[in-house]
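Accompanying notes for the structure given below.
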Amino acid sequence: MKKNIIVGLAVVLMLASCNKDEKILNTLNEYNNSMVEKGYHFGDKLELPKEVMENAESISISFGDKETSSLTVDPKFFTLGDNAVTFNIKTKGGKTLNQDATINVFAKNPEKNIPYQIIAEYPHDPKNFVQGFQIEGNTIYESDGQNGSSQILKYTLGTTTPLASTKQAQEDFSEGSTIVGDKVYQLTWQSKKGYIYDKSSLKLLSEFAYPNVLGEGWGLTYDGKNLIASDGSKLLYFLDVNDPSKLIKYVAVAGSSQIYDQLNELEYHNGFIYANVWQKPVVLKINPATGEVVGTFDFTDIARQNTKGSDDVLNGIAFKGDNMLVTGKNWPKIYEVQIK
């Protein structure tokens, strides 16, 4: 009889312990869910619920191959945007509890809506599936995508007749491109390599492999020191211009209340990176040092006139002086806009 009582007490204690553990995890989950939309800023402290703190001997947060016991949102550990983390709680009862969560980190200052005015329109070959787009002088350099028809070409603004062009291999899907001195660099989507051309003739000079961290090639620009590439995520990758296979650093991009990914065609101008968001009529103005989005351009009206399906979207940014040129995949026009 005494043995049965002891066993019964053990079961009760075990159930009570399990219920307490479950309550800790449920309370933590409710807190994390409540913070997803609100998010955090760098320097904020995670104010975990009393139920969690009072029953925890220690708490750590793991993120990728990093782990911290600090509950402060530190840029040495977190990035802007969404951070997929795991909370590791060692309870005072000696158990270890784990819970996955998303910690969103936003920029402290709200993005400004940047006004503009269309001041000119130019013809654009609607057969060109624009992936990379830049201008030097009065010459447009364009990377034209699609398997089997990808190419790099250049033409005079105001015309659509190529001055020079070079086709890619059948398996390549051309992506972003940029000018570096007397050369043009071009990415491919999934071939894991890029090409370097002579700017004058567009003759292929060499090719390079991507650093492993770069999953795909999307957008490309040059800040005067490094190449900057996007791969469709929230990240911008800074590559060694003399050895594009070498990663220098990366920054994550976010606004004050919104996470931006699908970063696509890129342009660097006067200390800022400009990026279009794929499938959206939006261009972001990004601080390259922090990844914070400081301003946005809304090109809804322009895109509406040129987008008839899911493919012919806004995808071309270049600067003609301080005016921006904007176009898209298979668009018949290039727009010159004056930034107010």
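Computed from a prediction, not measured in an experiment: that's the story for all the values here.
Other residues, nucleotides and ligands place more than 12 heavy atoms under 6.0 Å from the CZ atom of Phe173. Atom CG of Asn212 sits in a sparse spot, with 12 or fewer heavy atoms from other residues, nucleotides or ligands closer than 6.0 Å. Heavy-atom neighbours of Lys66 NZ from other residues, nucleotides or ligands within 6.0 Å: above the threshold of 12. Within a 6.0 Å sphere centred on CD of Gln117, heavy atoms belonging to other residues, nucleotides or ligands number more than 12.
Proximity of a side-chain donor or acceptor of Thr72 to a complementary backbone N or O of Asp74 within less than 3.5 Å is not detected. Side chain of Ser206 to backbone of Ile196: no donor-acceptor contact under 3.5 angstrom is found. Between the side chain of Asp312 and the main chain of Lys308, a donor-acceptor pair closer than 3.5 Å is present. Checking side-chain atoms of Asp240 against main-chain N and O of Lys246 turns up no donor-acceptor pair under 3.5 Å. Side chain of Thr188 to main chain of Ser174: no donor-acceptor pair is present (N/O by atom type, distance under 3.5 Å, no hydrogens or angles). Put simply, the side chain of Lys234 gets close to the backbone of Asp82: a donor and an acceptor are under 3.5 Å apart. The backbone N or O of Leu28 sits less than 3.5 Å from a side-chain atom of Asn32, completing a donor-acceptor pair.
Note: Glu207 CD to Ser245 OG = 10.0 Å, rounded to the nearest 0.5 Å. Atom OG1 of Thr96 and atom CG of Asp21 lie 10.0 Å apart (nearest 0.5 Å). Interatomic distance, Met53 CE to Leu71 CG, rounded to the nearest 0.5 Å: 6.0 Å. Atom CD1 of residue Ile114 and atom CG of residue Asp298 lie 11.5 Å apart, to the nearest 0.5 angstrom. Rounding to the nearest 0.5 angstrom, the gap separating the NZ atom in Lys285 from the CD atom in Glu111 is 13.0 Å. Interatomic distance, CG of Leu25 versus CG of Asn98, reported as 8.5 Å (0.5 Å rounding).
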Could you walk me through whether Glu142 and Gln134 satisfy the side chain to side chain donor-acceptor pair (under 3.5 Å) test, starting with their C-alpha distance in whole Å, then the side-chain angles of each, then the deciding distance to 0.1 Å, before giving a yes or no? CA-CA 7 Å; Glu142 189 169 303; Gln134 53 267 261; over 6 Å; no

CA sep, side-chain torsions, deciding dist, call: Asn88, Ser60, side chain to side chain donor-acceptor pair (under 3.5 Å): CA-CA 5 Å; Asn88 311 297; Ser60 68; 3.2 Å; yes

Kindly indicate, with the supporting measurements, whether the criterion side chain to side chain donor-acceptor pair (under 3.5 Å) is fulfilled by Tyr141 and Glu136. CA-CA 8 Å; Tyr141 293 79; Glu136 186 176 86; 4.5 Å; no

Would Asn323 and Glu336 count as a side chain to side chain donor-acceptor pair (under 3.5 Å) if you check the C-alpha gap in whole Å, the side-chain angles of each, and the deciding distance to 0.1 Å? CA-CA 7 Å; Asn323 292 339; Glu336 181 175 352; 2.9 Å; yes

Audit row: Asp125, Lys127, salt bridge (Lys or Arg N to Asp or Glu O under 4.0 Å) steps and yes/no: CA-CA 5 Å; Asp125 191 336; Lys127 294 193 299 294; 3.3 Å; yes

Report the C-alpha separation of Lys333 and Glu121 in whole Å, then their side-chain angles, then the decisive distance to 0.1 Å, and conclude whether the salt bridge (Lys or Arg N to Asp or Glu O under 4.0 Å) test is met. CA-CA 7 Å; Lys333 291 182 180 181; Glu121 297 179 8; 2.9 Å; yes

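By the criterion of side-chain heavy atoms lying less than 4.5 angstrom apart, applied directly or through intervening Ile, Leu, Val, Met, Phe, Trp or Tyr residues, Tyr250 is not grouped with Leu284; the two fall into different hydrophobic clusters. Put simply, Phe63 and Met35 are part of the same group of oily side chains (I, L, V, M, F, W, Y) that touch within less than 4.5 Å, one to the next. With hydrophobic clusters built from ILVMFWY side chains whose heavy atoms lie under 4.5 angstrom apart, Leu187 does not share a cluster with Leu202. Taken together through direct or relayed side-chain contacts under 4.5 Å among Ile, Leu, Val, Met, Phe, Trp and Tyr, Phe106 and Tyr31 form parts of separate hydrophobic clusters. Linking ILVMFWY residues whenever their side-chain heavy atoms come closer than 4.5 Å, directly or via other members, leaves Val277 and Val326 in distinct clusters.
When only modelled atom types and interatomic distance are considered, Trp189 and Glu216 share a side-chain donor-acceptor pair under 3.5 Å. Between the side chains of Glu265 and Asn315, no donor N or O sits under 3.5 Å from an acceptor N or O.
Side-chain contact between Ile334 and Phe133: present, with at least one pair of heavy atoms (C-beta onward) separated by less than 4.5 Å. Counting only heavy atoms from C-beta outward, the side chains of Glu57 and Ile89 never approach each other to under 4.5 Å. No side-chain heavy atom of Phe299 sits less than 4.5 Å from a side-chain heavy atom of Lys280. Thr156 is listed as a side-chain neighbour of Leu163, based on a closest heavy-atom distance under 4.5 Å. The shortest side-chain heavy-atom distance between Leu157 and Thr139 does not fall under the 4.5 Å cut-off. Looking at heavy atoms from C-beta onward, Leu325 lies in side-chain contact with Ile140 at the 4.5 angstrom threshold. Under the 4.5 Å side-chain criterion, counting only non-hydrogen atoms from C-beta, Gln279 is not in contact with Gln262. For the pair Tyr222 and Ile228, the minimum side-chain heavy-atom distance is 4.5 Å or more.
Across all their heavy atoms, Leu153 and Ser165 have their closest contact at CB-CB, 3.8 Å. Between Ser177 and Val184, the shortest heavy-atom distance links the atoms CB-CG1, 4.4 Å. Of all heavy-atom pairs spanning Pro244 and Tyr185, the tightest one is CG-CE2, 3.9 Å. Heavy atoms only, all atoms of each residue included: Asp231 and Val213 are closest at OD2-O, 4.2 Å. Scanning both residues, Lys199 and Ile179, for their nearest heavy atoms gives CD-CG2, 3.8 Å. Closest approach of Leu97 and Thr91 over heavy atoms only: CD1-CG2, 3.7 Å.
Ring geometry for Tyr116 versus Phe297: interplanar angle of 30 to 60°, hence tilted.
Residue pairs meeting the ring pair (Phe, Tyr, Trp, His ring centres under 6.0 Å) criterion with at least one partner in residues 316-340, sequence neighbours excluded, are His269-Phe319, Tyr274-Phe319.
Judged by the 6.0 Å and 45° rule, Lys329 forms a cation-pi pair with Phe129.
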